[in-house]
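Letters A, B, ... mirror the listed sequences (proteins, then strands); counts begin at 1.
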Amino acid sequence: MSTKENTPENAAIASTETVRPEARKPRGFQDKRAHLIATERHLVDKVSEVYSKWGFEALDTGPFEYVDALGKFLPDTDRPNEGVFALEDDDDQWMALRYDHTAPLARFVAENWNNIPKPFRRYSAGPVYRNEKPGPFRFREFIQCDADAVGASGPAADAEMIAIASEAMQACGAAVGDYAIRVNTRQLLDGVMQAADVTDPNKRLIVLRALDKMDRLGVEGVSELLGGGRKDESGDFTEGAGLSSASIDTLLQFAQAGRDTRSETLEALAAIANKNEVGTQGLEDLAAIHSILNGLGVTDQMATFDPAIVRGLEYYTGPVFEAELLKEFKDEKGRLMRFGSVGGGGRYDDLIARFTGDLVPATGFSVGISRLAAVLAAENESENKADGPVVVLALQREHMADYCSLAAQLRAIGVKAEVYLGTSGMKAQMKYANRRKAPAVVIVGNQERESGKVTVKDLVAGAKAAENISDNAEWRETRPGQFEATRDDFAAKIKAVVEANNA
RNA sequence: GCCGUCUUAGCUCAGUUGGUUAGAGCGCCUGGUUGUGGACCAGGAGGUCCCAGGUUCGAGACCCGGAGGCGGUACCA
């Protein structure tokens, strides 16, 4: 309604000077409609099924944790929300929305140490929250499906997680070859940095961050970041690590040692990474993981070794892995878009120690459902499936009881159905049914009431039959897709139509 | 956070050196058809030109500040 019109009502509204809020969605959050919700649920179910099959039990903790339990984010100012959404409880304690499922798990395990079986294998699926800059398919609330094994040391536990990651990707609909699980270990990275004489902790961070960008920036960009620094295409400059060219060579050679098969990569790494104890340890771990993956039937197409994988810096302590979707998608404007990582994980052996002081080995993997779902849903949106409810037209309002009973008969045999509850005429009701993606409408007006029959219109068949009709008179007379039924068999006939559509 | 860029109808966008009443396509609503979703035809509704200040006789356009979107980059447990 325009408030510019000078009607008495509008004058009254204007005179109260109501401040109306702007209807707008908080940025980084999604309004999810039926199609997206269904896609997300489907993916969560599929991944959970995989985790459950491998012997992980379900666990749901609440969305909030006290900030000290979440990790390094402490409330030292009025707004301790660097990266997280935090608030102060009425007992003056700061709490924050979880940013992943691992920190709450660590808290749960530490809190219930005496009452849970060790190793503790659990999975969690639910929303997590990050207070950071959103991007396309990058949200501030998103669903993660996470599986972790706490109290499980040794390469077998890591290899299992990798196998599970691969299975989870397939459960999400990615065929072998459409995704890749890339594996590395912290020990190899530590070893090569030692070999390249990078000892300064600050420089080690810069080096790890630089290596992590191998896929995006390529050898040249990473080389700049290891050396003097890099200027990006917007003109912004990123400080480099300032390493010698010999050190840079060592690191680049290492980062490019990834091959198509795991055994080839192991060979390539053997010559580079055995310069010191920690590197040798990393090599042995990878070799052990390799042989267990073989035993699990995880092929080179499913999981490879990639020395350029880094992941969370002050978090992982051993093997790390990342799940990437290789398939390319087109966005709504037809632009080709790839989005890399849809999941990741690794070994974190000192997360629980924060609470208990005891080192507890743990390894886990997590899939980001929301990005996958948003893309899959966008991809399938064009599919015009008539998956809405059957609509019973309300042509004579004095017969609402009858219309409600017709709809009830449909629901009784498992067909989604509703009575039109608006106030518009038949034409508008037909449009409504069309928009609801109704497979059929039930028409009972004067004519049907006299004959005692029910008219059913199959909207899918009708639309198909109408494709070749351009003359409106013919369109109206033909009544494409319509048929008569009795009050006893109309429900069964509609059910048959719905089932034929879904087949 | 930093750099760049953009913001006009529900959507996609035009809008001349700064000059009358700001336009198009699509979508939406109504009618042609008081019992029919499509197509066609006719008509209609819909605007804080992102916000705020300034220059000017006059600003959608120019200047300053801000917000938001997009892209890059940094950070990312």
Side-chain angles (χ1 to χ4, degrees), chain A residues 1-5 20 22-28 65 70-73 82-84 96 98-104 106 128-136 138 140 144 205-206 209-210 212-213 216-217 221 225 229-239 310-316 331-333 335 341 344-346 348 351 354 366 386 388 391 393 395-396 424-441 443-449 455 457-482:
Chain A
M1 192 198 306
S2 167
T3 47
K4 278 173 125 182
E5 280 174 61
R20 295 174 194 281
E22 191 185 343
R24 60 200 183 113
K25 177 177 68 65
R27 66 200 201 100
E65 292 289 338
L70 278 182
K72 57 182 176 178
F73 303 102
E82 191 73 9
V84 300
R98 63 188 176 202
Y99 52 76
D100 68 11
H101 290 301
T102 317
V128 301
Y129 304 84
R130 296 187 185 185
N131 190 1
E132 54 191 30
K133 181 185 166 187
R138 191 183 168 93
R140 296 205 285 177
Q144 278 198 335
L205 274 182
I206 297 177
R209 285 173 188 152
D212 197 35
K213 295 182 176 70
R216 205 152 38 84
L217 303 180
L225 285 173
R230 175 176 177 271
K231 189 185 264 195
D232 70 47
E233 59 195 73
S234 73
D236 200 21
F237 184 76
T238 307
E239 191 90 37
V310 177
R311 297 199 59 79
L313 296 176
E314 8 191 319
Y315 187 79
Y316 293 114
D331 71 5
E332 53 207 358
K333 286 173 185 164
R335 288 178 305 194
S341 173
Y348 48 97
L351 204 61
R354 265 216 337 270
S366 186
V391 174
L393 301 194
L395 299 177
Q396 304 160 302
S424 299
M426 180 171 189
K427 190 182 169 84
Q429 295 189 34
M430 288 300 297
K431 280 192 148 184
Y432 171 80
N434 200 42
R435 281 190 148 184
R436 290 301 311 277
K437 298 184 179 175
V441 295
I443 304 171
V444 177
N446 258 333
Q447 294 162 23
E448 287 79 6
R449 233 164 264 295
T455 298
K457 179 155 188 158
D458 177 340
L459 293 181
V460 177
K464 206 169 176 195
E467 271 171 19
N468 300 317
I469 305 177
S470 58
D471 177 62
N472 184 256
E474 187 189 350
W475 150 259
R476 288 177 61 215
E477 277 164 28
T478 317
R479 306 224 153 146
Q482 252 172 258

(request) Scan every strand shown for a Watson-Crick or G-U wobble partner of C70(B), both distances under 3.5 Å, and answer none if you come up empty. (result) G4(B)
(request) Quote, to the nearest angstrom, the C1' distance that separates A67(B) from A14(B). (result) 26 Å
(request) Find the partner of G58(B): check Watson-Crick (N1-N3 plus N6-O4 or O6-N4) and G-U wobble (N1-O2, O6-N3) distances, both under 3.5 Å, and reply none if neither fits. (result) none
(message) On a heavy-atom basis, which atom in W475(A) and which in P480(A) lie closest, and how many Å separate them?
(response) O-CD, 3.5 Å
(request) Please report, rounded to the nearest Å, how far the P atom of U33(B) is from the CZ atom of R479(A). (result) 15 Å
(message) Before you tell me yes or no, could you show the steps for R449(A) and V444(A) under side-chain contact (heavy atoms from CB on, under 4.5 Å), namely the whole-Å CA-CA distance, both residues' side-chain angles and the distance that decides it to 0.1 Å?
(response) CA-CA 7 Å; R449(A) 233 164 264 295; V444(A) 177; 3.5 Å; yes
(request) Using a heavy-atom cut-off of under 4.0 Å over every strand shown, decide if A433(A) touches base, sugar-phosphate, or nothing. (result) nothing
(message) Could you tell me the Watson-Crick or G-U partner of G35(B), where both distances fall under 3.5 Å? Say none if there is no partner.
(response) none
(request) Assign D100(A) to base, sugar-phosphate, or nothing according to its heavy-atom contacts below 4.0 angstrom with the strands shown. (result) sugar-phosphate
(message) So, OP1 or OP2 of A74(B): does either fall under 4.0 Å of a side-chain N or O from R216(A)?
(response) yes
(request) Scan Q482(A) against the nucleic acid and name what it touches under 4.0 Å (heavy atoms): base, sugar-phosphate only, or nothing. (result) base
(request) Record whether the side chain of K213(A) comes under 3.5 Å of the base of G72(B) through a donor-acceptor pair of N or O atoms. (result) no
(request) Please figure out whether R435(A) or P480(A) has its closest RNA chain B nucleotide nearer the 5' end. (result) R435(A)
(request) When you get a sec, tell me which of U33(B), G71(B), G37(B) is the closest nucleotide to the side chain of K133(A)? (result) G71(B)
(request) For M426(A) and U34(B), give me the distance from atom CE to atom C1', rounded to whole Å. (result) 12 Å
(message) Does L395(A) reach a base, just sugar-phosphate, or nothing at all? Heavy atoms under 4.0 Å.
(response) nothing
(request) Check the pair V128(A) / H101(A) against side-chain contact (heavy atoms from CB on, under 4.5 Å), numbers first and verdict last. (result) CA-CA 7 Å; V128(A) 301; H101(A) 290 301; 3.8 Å; yes
(message) Using a distance-only criterion (donor-acceptor N/O pair, under 3.5 Å, no hydrogens), is the base of U36(B) paired with the side chain of K427(A)?
(response) no
(request) Take atom P in C50(B) and the same atom in A77(B), then report the distance between them in whole Å. (result) 39 Å
(message) Does V391(A) form a side-chain contact (heavy atoms from CB on, under 4.5 Å) with Q429(A)? I'd like the steps, not just the answer.
(response) CA-CA 9 Å; V391(A) 174; Q429(A) 295 189 34; 5.9 Å; no
(message) Return the pairing partner of G25(B) with a 3.5 Å limit on both distances, Watson-Crick or G-U wobble; otherwise return none.
(response) C11(B)
(request) Consider the side chain of R230(A), meaning its heavy atoms from C-beta on, and name the nucleotide among U73(B), U33(B), G37(B) that approaches it most closely. (result) U73(B)
(request) May I ask you to verify if any side-chain N or O of K431(A) is less than 4.0 angstrom from the OP1 or OP2 atom of U36(B)? (result) no
(message) Roughly how many Å apart are A24(B) and G66(B), using the C1' atom of each and rounding to a whole number?
(response) 32 Å
(request) Can you tell me, in whole Å, how much space there is between the P of C11(B) and that of U16(B)? (result) 22 Å
(request) Using atom types as modelled and distance alone, determine if a side-chain donor or acceptor of R230(A) lies under 3.5 Å from a backbone N or O of T238(A). (result) no
(request) Look at the side chain of K431(A) and the backbone N and O of K427(A), then say whether any donor-acceptor pair between them is shorter than 3.5 Å. (result) no
(message) What's G425(A) touching, base or sugar-phosphate or nothing? Going by heavy atoms closer than 4.0 Å.
(response) nothing
(message) Quick check against the 3.5 Å criterion: does E239(A) have a side-chain atom that pairs as donor or acceptor with the backbone of G229(A)?
(response) no
(message) Using atom P in both nucleotides, what's the gap between G44(B) and G25(B) to the nearest angstrom?
(response) 13 Å
(message) Using atom P in both nucleotides, what's the gap between C64(B) and A74(B) to the nearest angstrom?
(response) 30 Å
(request) For G15(B) versus U55(B), give the span between their C1' atoms, rounded off to a whole number of Å. (result) 22 Å
(request) Rounded off to whole Å, could you give me the CD-to-P distance for the E239(A) and C2(B) pair? (result) 18 Å
(message) For A42(B), give the paired nucleotide (Watson-Crick: N1-N3 plus N6-O4 or O6-N4; G-U: N1-O2 and O6-N3; both under 3.5 Å), or none.
(response) U30(B)
(message) Taking donor-acceptor contacts at under 3.5 Å, does the side chain of K231(A) reach the base of U73(B)?
(response) no
(message) Just to be sure I understand the rule, does D471(A) reach a base, reach only the sugar-phosphate, or reach nothing, if contact means heavy atoms closer than 4.0 Å?
(response) nothing
(request) With heavy atoms under 4.0 Å as the rule, sort Q429(A) into base, sugar-phosphate or nothing. (result) nothing
(message) Suppose we define a pair by two distances each less than 3.5 Å, Watson-Crick or G-U wobble; what does U20(B) pair with here?
(response) none
(request) Measure the shortest side-chain to side-chain distance between Y315(A) and L351(A) over non-hydrogen atoms and say whether it is less than 4.5 angstrom. (result) yes
(message) Can you work out whether D458(A) or G28(A) has the more 5'-proximal nearest nucleotide on RNA chain B?
(response) D458(A)
(request) Tell whether N446(A) reaches the base of G35(B) with its side chain through a donor-acceptor pair below 3.5 angstrom. (result) no
(message) Please give the distance between the C1' atoms of U20(B) and C63(B) as a whole number of Å.
(response) 26 Å
(message) Please report the distance, rounded to the nearest Å, between CG in L217(A) and C1' in U73(B).
(response) 9 Å
(message) Expressed as a whole number of angstroms, how long is the span from R476(A):CZ to G35(B):C1'?
(response) 9 Å
(request) Starting at atom CZ of R130(A), determine the distance to atom P of C75(B), rounded to an integer number of angstrom. (result) 15 Å
(message) Check for me: is W475(A) stacked on A39(B) by the 5.5 Å centroid and 30° plane-angle rule?
(response) no
(request) Figure out the CD/C1' separation between Q144(A) and A77(B), and round it to whole Å. (result) 10 Å
(request) Can you tell me the distance, in whole Å, between the CG atom of N131(A) and the C1' atom of C75(B)? (result) 13 Å
